[in-house]
Each structure stands twice: as C-alpha cells, then as structure tokens.
Amino acid sequence: MPIVLLRVDERLIHGQVVVGWGQALGLQRVVVVDDELAAAPWEQELYRLGVPPEWEVIFVSVDEAAPRWPAWVDEPARTAVLLRDVTTLARLADRVDLRGTTVNLGGLHARPDRQRVLPYLFLGEDERTQLRRLAERGIAIEARDVPAAPAVPLTELAPV
C-alpha cells in the first residue's frame with residue numbers, strides 16, 4: 001500500500017513530518033487533505049517551501065481526495081496523507097474505504113474544549129467519539145509523534 005502514513009496533525013507539513021516521518025518512511029509524495037488550504041494557493045506555496053524538492057506535494061479538498069484515493073493506493077509513490085483534524089478524517093472515511101488502515105494522531109494542541117491525553121495530543125469529547133466510531137468501522141487509530149516512539153492505541157487515548 002503506497003499510502004504509508006495517514007496522519008492527523010494540526011501543523012500539517014512541518015519538520016517532524018518531513019525529517020522524522022519522511023526519512024523513516026522514504027516518502028516521495030505528500031497529500032494534504034484540507035478544504036481551506038486546497039483553496040489557498042499562496043498558503044500552499046508556504047508549505048511547499050518545507051519539503052524536499054523531489055517530493056510531490058498535492059493539496060486537495062475532501063471531495064477532491066475521494067476519487068483520487070484509489071490511484072494513490074495503487075501507485076508506487078510512497079505517500080503520506082495529512083489531515084488537520086479528526087472531523088476531516090471522519091469526512092474522508094465517509095467517502096473512501098479506510099478499513100484496515102492505521103491512522104496516526106500527531107499534534108492536536110490544547111484548546112478550551114480539549115483535555116490533555118499525551119504531551120502532544122489533546123482531544124475533546126466529540127473527537128474521542130468520532131475516533132471510536134472510526135475504530136468500529138475497522139480503522140486502527142494510534143498516537144505517535146515520531147516514528148521511533150511507541151504507538152499508543154485508541155483504547156488508551158479514548159477509553160469507553
């Protein structure tokens with residue numbers, strides 16, 4: 001499966017993804033699924049500055065991602081798909097079959113409606129509910145900030 005990383009991280013493209021995950025996974029392509037960023041070419045250019053020139057970088061909305069998903073799965077380019085939030089993940093999962101996929105939760109930061117789960121991960125009750133529903137659909141959910149860190153399963157992040 002050439003989608004080697006499906007990550008939810010508010011920062012999207014940043015050093016931890018490029019250096020940590022990119023090198024460990026041998027990334028060749030980054031797909032950012034984010035409705036707002038897909039409509040903001042000047043912001044896209046800022047994000048592109050942070051990736052190696054040999055990587056392909058694609059910005060798409062959820063609706064644009066759905067029909068392209070099968071090609072990304074079948075193509076040989078080692079791809080990371082990045083999403084800004086759990087709601088976007090849930091919307092994507094409503095449009096493409098993510099059963100058997102592992103979702104990596106990266107940096108979701110403090111807000112008044114969230115509680116600290118890990119030093120880099122804060123979740124609100126709505127996000128926990130959405131993640132549990134995704135897990136019920138056969139999607140594995142884990143948190144891990146860097147590749148060398150141990151994965152923390154959803155059962156520890158959002159116990160019932």
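Just so you know, these numbers come straight off a predicted model, no measurement behind them. These values consider heavy atoms only, across backbone and side chains, with no hydrogens, waters or symmetry-generated copies.
Side-chain contact between L98 and L89 is present, with at least one heavy-atom pair separated by less than 4.5 Å. For the pair L118 and D145, the minimum side-chain heavy-atom distance is 4.5 Å or more. Within the 4.5 Å cutoff, side-chain heavy atoms of L108 are placed close to those of V86. Counting heavy atoms from C-beta outward, T88 and D35 have side chains that stay 4.5 Å or more apart. Here the side chains of L134 and V103 are not in contact, with every heavy-atom distance at 4.5 Å or above. R128 has its side chain out of reach of L157: every pair of non-hydrogen atoms, C-beta onward, lies at least 4.5 Å apart.
Put simply, the side chain of R137 gets close to the backbone of A93: a donor and an acceptor are under 3.5 Å apart. Looking at R144, its side chain never comes within 3.5 Å of a backbone N or O of N104 through a donor-acceptor pair. A donor-acceptor contact shorter than 3.5 Å is absent between the side chain of Q44 and the backbone of F59. Proximity of a side-chain donor or acceptor of R95 to a complementary backbone N or O of R91 within less than 3.5 Å is detected. With D9 contributing its side chain and L82 its backbone, the two residues share no donor-acceptor pair below 3.5 Å. A donor-acceptor pair is defined here as one N or O able to donate and one able to accept, closer than 3.5 Å; such a pair exists between the side chain of Q28 and the backbone of R78. Between the side chain of R84 and the backbone N or O of L12 there is no donor-acceptor pair closer than 3.5 Å. A distance-only check finds no donor-acceptor pair linking the side chain of T87 to the backbone of D85 [under 3.5 Å].
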N/O donor-acceptor pairs under 3.5 Å from side chains in residues 46-57, not counting sequence neighbours:
{"residue": "R48", "atom": "NH1", "partner": "E45", "partner atom": "OE2", "Å": "3.2"}
{"residue": "R48", "atom": "NH2", "partner": "V57", "partner atom": "O", "Å": "3.3"}
{"residue": "W55", "atom": "NE1", "partner": "L27", "partner atom": "O", "Å": "2.9"}
{"residue": "E56", "atom": "OE1", "partner": "R29", "partner atom": "NE", "Å": "3.0"}

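Nearest heavy atoms, G20 versus P147: O-CG, 3.5 Å. Across all non-hydrogen atoms, the minimal contact from P153 to A151 is CD-O, 3.7 Å. The two atoms that bring Q130 and A90 nearest to each other are OE1-CB, 3.5 Å, heavy atoms only. Shortest non-hydrogen contact noted between A39 and P41 is O-CD, 3.5 Å. When all heavy atoms are compared, the tightest approach of W69 to V96 is CB-CG1, 3.6 Å. Nearest heavy atom pair, residue P2 against residue A77, reads CB-O, 3.2 Å.
Side-chain heavy atoms closer than 4.5 Å link hydrophobic residues (I, L, V, M, F, W, Y) into clusters, and following such links, possibly through other members, connects L92 to V73. Cluster annotation: F122 is not connected to V117 through the hydrophobic network of ILVMFWY side chains, with a link wherever side-chain heavy atoms come within less than 4.5 Å.
To the nearest 0.5 Å, atoms CG (L6) and CD1 (I139) are separated by 8.5 Å. Here the NE2 atom belonging to H109 is positioned 4.5 Å from the CZ atom belonging to R11, to the nearest 0.5 angstrom. The line from CD1 of I141 to OG1 of T155 is 11.5 Å long, rounded to the nearest 0.5 Å. A distance of 7.0 Å separates CD of Q115 from CD of E125, quoted to the nearest 0.5 Å. Rounded to the nearest 0.5 Å, atoms CG (D113) and CD (E127) are 6.5 Å apart. Within the model, atoms CG of L121 and CZ of R114 stand 8.0 Å from one another, a figure rounded to the nearest 0.5 Å.
Counting non-hydrogen atoms of other residues, nucleotides and ligands closer than 6.0 Å to CZ of R133 gives a total of 12 or fewer.
Under the 3.5 Å distance criterion, with hydrogens and angles disregarded, no donor-acceptor pair is assigned to the side chains of T129 and D126.
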